[in-house]
Amino acid sequence: MNYSIIVYVIGLLLQFIAGFLMIPELVGNIYHEENALYFLAVAAGSLLVGTLIRLKKPKDKKMHAKEGMIIVALGWIVLSLVGAMPYVLSGEIASYTDAVFETASGFTTTGASILSDVEAMSHCMLFWRSFTHWLGGMGVLVFILAATPSGADSMHLMRAESPGPSVDKLVPRVRKTAFYLYAIYLVMTAVEIVILLLGEMPLFDAFCISFGTAGTGGFSVKASGIADYNVFCQVVITVFMLLFGINFKVYYLLLCRKWRDALKTEEVRWYLGIYAGAVAIIVISIMDSVGSFWDSLNKASFQAASIMTTTGFATTDFNKWGTLPQAVLVMLMFIGACAGSTGGGIKVSRIMIYFKEVRNEISYLIHPRSVKRVSIDNKSVDDTTLRTANAFLGAYFFIFAISFLVVCIDGFDFTSSFTGVAATINNIGPGLGVVGPYGGFSGFGDLSKWVFIFDMITGRLEIFPILILLNVSTWRKK
């Protein structure tokens with residue numbers, strides 16, 4: 001184990017956190033808010049600790065897969081613990097547990113909240129809350145890779161932090177790959193901000209909502225979520241939620257004018273097909289109660305996109321919908337978005353793998369001599385990817401079951417407890433019942449909140465980095 005490189009990169013992360021904290025501090029100064037000073041204080045402390053840690057440079061800068069996993073897992077825990085400090089110091093969130101919950105929910109782009117009156121918060125705190133979505137969407141360590149010189153071993157960091165069953169370099173150099181990813185991410189975010197401004201959304205709101213859309217997070221600056229904005233803005237947000245749920249490799253192919261390769265991406269076809277089917281079912285189910293086809297289509301398309309991409313925005317209280325549309329939304333919670341996107345969930349690519357494995361097994365039982373391989377985009381999926389995908393599913397449901405049992409101690413109804421775990425481990429935000437779109441997680445006890453925090457970080461990092469961090473054999477000397 002190369003402990004020195006782990007400590008060194010965590011120090012670098014703390015220095016970057018200090019820089020990130022200065023942005024809401026600037027926003028607070030623009031709005032003449034005294035709470036902005038707390039961002040400055042935490043930034044100074046983070047910078048000091050990070051600098052002291054990095055005084056001793058590691059002799060061995062090699063980073064293997066194990067170190068990459070540990071750095072990412074520790075890094076996201078540090079992000080949540082340090083990022084929560086301005087909330088606590090300002091008193092806007094008095095409990096440190098609640099503050100860590102809100103911060104972890106932000107960085108992991110979950111969007112679950114313990115706040116009962118979001119509009120009472122200062123502008124700088126609201127901005128930080130939404131900005132954590134944007135930072136966490138593509139990945140903080142991916143940002144560091146894009147901004148600093150790095151070696152080939154840094155690919156282990158990208159693989160550990162990027163969502164999906166496999167991550168490939170877009171270009172030979174890791175830093176260039178990270179740079180292209182963030183460049184695409186930044187441009188798409190800027191375009192959404194401009195379009196929302198054209199739709200007469202206030203400037204502050206446009207930034208915060210775009211941060212939430214880009215990171216597929218879901219924190220809003222209004223208690224009503226997105227319901228109070230006009231239909232134009234709602235449609236724009238729907239479109240961009242879907243766009244940010246697509247594998248960013250597709251956008252890179254489009255930029256390289258590889259139109260055929262981009263259009264042939266099988267995962268995107270499945271993603272859009274599942275979404276279209278879900279919207280159709282929901283529209284048919286709610287049209288009688290809503291009254292208008294177009295209003296039903298707007299609500300259904302928005303909520304289906306919000307849940308499937310694990311963004312978590314809401315324009316209506318889908319707690320009041322019937323059983324069928326709610327069941328569809330719960331299924332979308334588990335499916336999630338594409339691999340290589342900013343969305344959470346199990347991922348469409350894994351759903352494809354599981355479906356094709358079952359289909360091949362049925363074919364084998366009927367024709368024992370047949371030999372079939374799972375393939376995606378006409379390329380055979382290697383055994384390592386299949387093994388990892390199957391292990392992910394087993395670990396996923398094991399963690400889900402344990403979390404659900406612990407959360408049930410608080411005594412909430414089955415629907416609230418079950419969808420609360422589903423909403424956090426899949427990084428969605430709202431569930432059903434008490435944790436519905438206009439509810440929250442404030443009523444749960446501290447133990448349940450720490451379980452939810454664990455689920456949010458574990459879900460965002462796709463389980464294995466956290467399991468490796470917690471594994472005793474990881475730290476045992478051979």
Side-chain angles (χ1 to χ4, degrees), residues 109 137-138 162-166 181 184-185 188-189 191-192 195 213-216 218 234-286 293-294 296-313 315 318 324-325 327-356 359 374-379 381 389 426-428:
T109 72
M138 187 58 67
S162 299
S166 62
L181 287 173
I184 295 169
Y185 188 53
M188 288 176 65
T189 306
V191 170
E192 184 185 1
I195 296 176
T213 307
T216 61
Q234 291 177 6
V235 171
V236 169
I237 295 168
T238 301
V239 172
F240 274 92
M241 284 191 294
L242 286 172
L243 291 176
F244 280 107
I246 291 174
N247 193 325
F248 273 59
K249 185 177 180 180
V250 174
Y251 300 128
Y252 178 76
L253 291 173
L254 291 173
L255 285 175
C256 295
R257 298 183 180 181
K258 296 180 180 179
W259 313 104
R260 288 185 178 181
D261 292 339
L263 295 174
K264 284 181 180 179
T265 306
E266 191 177 356
E267 184 184 20
V268 176
R269 296 201 301 270
W270 275 61
Y271 167 72
L272 295 176
I274 294 170
Y275 170 74
V279 170
I281 294 172
I282 295 173
V283 168
I284 294 170
S285 302
I286 69 173
F293 170 77
W294 292 111
S296 301
L297 180 61
N298 180 43
K299 286 181 168 59
S301 58
F302 186 95
Q303 289 310 148
S306 180
I307 297 300
M308 187 172 185
T309 61
T310 69
T311 306
F313 284 139
T315 57
F318 47 79
L324 179 58
V328 171
L329 292 179
V330 171
M331 290 179 67
L332 293 179
M333 285 183 185
F334 288 96
I335 294 171
C338 295
S341 70
T342 60
I346 293 175
K347 299 295 183 300
V348 174
S349 57
R350 285 197 183 95
I351 299 298
M352 291 166 59
I353 289 173
Y354 300 142
F355 175 82
K356 291 182 177 185
R359 185 186 62 185
V374 174
S375 61
I376 296 178
D377 295 334
N378 296 321
K379 295 178 181 178
V381 178
N426 292 314
N427 305 132
I428 294 162

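The basis for the numbers below is simple: all heavy atoms, side chains too, and nothing from hydrogens, waters or symmetry mates. Predicted model, so just to flag it, every value in this text is computed and none were measured.
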> Taking it one step at a time, do K356 and E266 satisfy salt bridge (Lys or Arg N to Asp or Glu O under 4.0 Å)?
Replying inline: CA-CA 13 Å; K356 291 182 177 185; E266 191 177 356; 2.7 Å; yes
> Taking all atoms of both residues into account, what is the closest heavy-atom pair of S285 and L324, and its distance?
Replying inline: OG-CD2, 3.4 Å
>> Could you work out, with side-chain hydrogen bond (donor to acceptor under 3.5 Å, both in side chains) as the rule, every residue matching S306, not counting sequence neighbours?
In response: none
> Would you say the side-chain atoms of T265 pair up with the backbone N or O of A262, donor to acceptor, closer than 3.5 Å?
Replying inline: yes
>> Testing the basics here: between F313 and Q303, what is the closest heavy-atom pair and its distance to 0.1 Å?
In response: O-NE2, 3.4 Å
> Which pair of heavy atoms, one from G245 and one from T309, lies closest together, and at what distance?
Replying inline: CA-CG2, 4.2 Å
> Is K299 reaching over with its side chain to a backbone N or O of L297, donor-acceptor style, under 3.5 angstrom?
Replying inline: no
> Which pair of non-hydrogen atoms, one from M352 and one from I376, has the smallest distance, and what is that distance?
Replying inline: CE-CG2, 3.8 Å
>> Donor-acceptor check, side chain of R350 to backbone of I346, threshold 3.5 angstrom: yes or no?
In response: yes
> Do the ring planes of F244 and F240 sit parallel (below 30°), tilted (30 to 60°) or perpendicular (above 60°)?
Replying inline: tilted
Side-chain atoms of residues 328-339: list all donor-acceptor pairs with protein atoms under 3.5 Å, sequence neighbours left out, distances to 0.1 Å.
none

>> Test of understanding: with side-chain hydrogen bond (donor to acceptor under 3.5 Å, both in side chains), list the residues that count as partners of T310, not counting sequence neighbours.
In response: none
>> For the CE atom of M241 and the CE atom of M308, what is their distance to the nearest 0.5 Å?
In response: 12.5 Å
> OG/S349 to OH/Y271 distance, rounded to the nearest 0.5 angstrom?
Replying inline: 13.0 Å
>> Donor-acceptor pair, distance only, cut-off 3.5 Å: does the side chain of T216 make one with the backbone of T342?
In response: yes
>> Using a 3.5 Å distance criterion without hydrogens, assess whether the side chain of Y251 forms a donor-acceptor pair with backbone atoms of L243.
In response: yes
> So with a 6.0 Å cut-off around CG of N378, is the heavy-atom count from everything else above 12?
Replying inline: no
> Within the side chain of Y275, is there an N or O that forms a donor-acceptor pair under 3.5 Å with the backbone of S301?
Replying inline: yes
> When rounded to the nearest 0.5 angstrom, what is the spacing between CG in L254 and NZ in K258?
Replying inline: 11.5 Å
> Which atom names give the shortest non-hydrogen contact between V279 and A304, and what distance separates them?
Replying inline: CG2-CB, 3.8 Å
> From F318 CZ over to I307 CD1, what is the distance, rounded to the nearest 0.5 angstrom?
Replying inline: 4.5 Å
>> Quick check for you: to the nearest 0.5 Å, what is the distance between I246 atom CD1 and L272 atom CG?
In response: 5.5 Å
>> Restricting to non-hydrogen atoms, name the atom on E192 and the atom on I237 that form the minimum distance, rounded to 0.1 Å.
In response: OE2-CG1, 4.1 Å
>> Main chain of K249, side chain of N247: is a donor-acceptor contact present, judged purely on distance under 3.5 Å?
In response: yes
> Taking Q234 for the side chain and N298 for the main chain, is one N or O donor matched with an acceptor at less than 3.5 Å?
Replying inline: no
> How long is the gap from CG on L242 to OG on S341, to the nearest 0.5 Å?
Replying inline: 11.0 Å
